[in-house]
Amino acid sequence: MDLTLRLHALRALLLALLLAAPALASAQTMNFEEAAAILGASCGKDLDDNCRGVNLDPTRLKDCILRNQDVVSAQCKADYPRVFSAVQQRAAARAGVFKVCERDAAKLCGGAQKADMLQCLASAKRGVSIQCSKTIADAGYR
Amino acid sequence: MRRVNRLRDAGLLTALLIMLAAPCPARAQATAPAEDLVGALAGLETAPDIDIAAICQQALERPKSKATAQPVNRPPLVPELLKLPQANFDVLFDPDSSIIRPGSYRTLGRIADTLTDPALLPYRFLIVGHTESGGRRDHNLIVSQRRADAIRDVLVTTFKVSPKRLKAIGLGEEQLLDAAHPTAPVNQQVQVVTVGKVL
């Protein structure tokens, strides 16, 4: 009996994980528009009420939300960290991909530049370093 | 009867194709218009010679002349911009300020997605701020410049678009987007114009 219960619990956990997986995956590849839309929708009123005069700047907005955490809505508190981390991850990857993938590109893509080079690296079956591959994925370029 | 069958088959085939092409429909919808924007901004043939300092000077001088006092008598200040690849965006600000409304954050994200799309990485852009007609023209110039600067700052600091790729200019009400309706809100739109290649 005890074993059956445990199996049930395990099954429920597995199901929960399976259901949560796509949501986690989509959070990782959220584009700038989606991320910024969530911030505007979840925190718009909080920012209007408490952070007037602060522009869309992660450092300053985070500071202001933290300063006002006693009155900021639960929705905003739940969403703003994941929004900023998604933006930060994608922005860093997009800004740094050419540097990170410099050697991979020289090895695999000849003299290809910019878009051609990214396409070459994103479609290469093997030989791309883990770091370069991860940066291309974080950038949403695959 | 056969015709009906064929129609039904065509319908099924289309449905099947849509299902195959879009495993995740929500995402496909979100990316489709973004691709249009990339298309609108790509494909600059020859880089124009745009002297931003000179344009600013002209924009400051022009309100002093009586000839252009009426908005309808005001030709575009920088006609060469009209010929370049460009896209317009509705970005709302707090009144008389350069603080972007949270409701417009999505649009900023969209501009950032577009400018960092692989196909547009070789290009440089001009962010052009505008205002509708009303109030002092010299004040409108300043407000539109601050707003264009604010958008450029957000793109650079928040979304890490290379500052080398972006310049900002405010044209106030000197280049009305809808000259026939000088007070229409469409005149406040922000333009992103492709102006050259990254050196």
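First the proteins, then the strands, lettered A, B, ... as listed; each starts at 1. Excluded from the calculations below are hydrogen atoms, water molecules and symmetry mates; all remaining heavy atoms, backbone and side chain alike, are included.
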- Looking only at non-hydrogen atoms, find the nearest pair between B:Ala112 and A:Phe32 and report the distance. CB-CD1, 3.6 Å
- Task: Report whether B:Val198 and B:Leu84 are members of the same hydrophobic cluster (ILVMFWY, side-chain heavy atoms less than 4.5 Å apart, transitive linking).
- Result: no
- Query: Mind checking whether B:Leu120 and B:Val193 sit in one hydrophobic cluster, side chains of I, L, V, M, F, W, Y counted as touching below 4.5 Å?
  - Reply: yes
- Item | Backbone N/O of B:Asp113 and side chain of A:Asn31: donor-acceptor pair under 3.5 Å | no
- Item | Given B:Ile151, B:Thr157, B:Ile100, B:Asp153, the one that forms side chain to side chain contact (heavy atoms under 4.5 Å, CB included) with A:Asn55 | B:Ile100
- Message: Working to the nearest 0.5 angstrom, can you tell me the gap between A:Arg94 CZ and B:Leu115 CG?
- Response: 10.5 Å
- When A:Gly44, A:Ala139, A:Ala95 are compared by non-hydrogen pairs under 4.5 Å with chain B, the top option: A:Gly44
- Query: If you round to the nearest 0.5 Å, how far is NZ of B:Lys160 from CD of A:Gln88?
  - Reply: 7.5 Å
- Message: For A:Leu56 versus B:Thr158, what's the shortest heavy-atom pair and its separation?
- Response: O-OG1, 2.8 Å
- Same apolar cluster (I L V M F W Y, side chains within < 4.5 Å links), B:Leu126/B:Phe89: yes
- In this structure, CD1 of B:Ile99 is separated from CZ of A:Arg52 (nearest 0.5 Å) by 9.5 Å
- Message: Tell me if the CD atom of B:Gln58 is crowded by more than 12 foreign heavy atoms within 6.0 Å.
- Response: yes
- Item | When B:Thr116, B:Ile111, B:Leu108 are compared by non-hydrogen pairs under 4.5 Å with chain A, the top option | B:Thr116
- Item | Heavy-atom contact with chain B under 4.5 Å, split by part of A:Val97 | neither
- Message: A quick test of your reading: do over 12 heavy atoms of other residues, nucleotides or ligands sit less than 6.0 Å from CD of A:Gln119?
- Response: no
- Query: Taking atom CG of B:Leu121 and atom NZ of A:Lys114, what is their separation to the nearest 0.5 Å?
  - Reply: 6.0 Å
- Query: Would B:Val78 end up clustered with B:Ile127 when hydrophobic side chains under 4.5 Å apart are linked, directly or stepwise?
  - Reply: yes
- Task: Decide side chain to side chain contact (heavy atoms under 4.5 Å, CB included) for A:Val83 and B:Tyr105; before the verdict, give the C-alpha distance in whole Å, the side-chain angles of both, and the deciding distance to 0.1 Å.
- Result: CA-CA 12 Å; A:Val83 162; B:Tyr105 287 177; over 6 Å; no
- Using a cut-off of 6.0 Å, state whether more than 12 heavy atoms not belonging to B:Arg146 lie near its atom CZ. no
- Message: I'd like to know if A:Ile136 and A:Met30 are part of one continuous hydrophobic network [Ile/Leu/Val/Met/Phe/Trp/Tyr, side-chain heavy atoms within less than 4.5 Å].
- Response: no
- Do A:Asp48 and B:Pro102 come within less than 4.5 Å of each other through their side chains, counting heavy atoms only? yes
- Item | CG (B:Asp51) with more than 12 external heavy atoms under 6.0 Å | yes
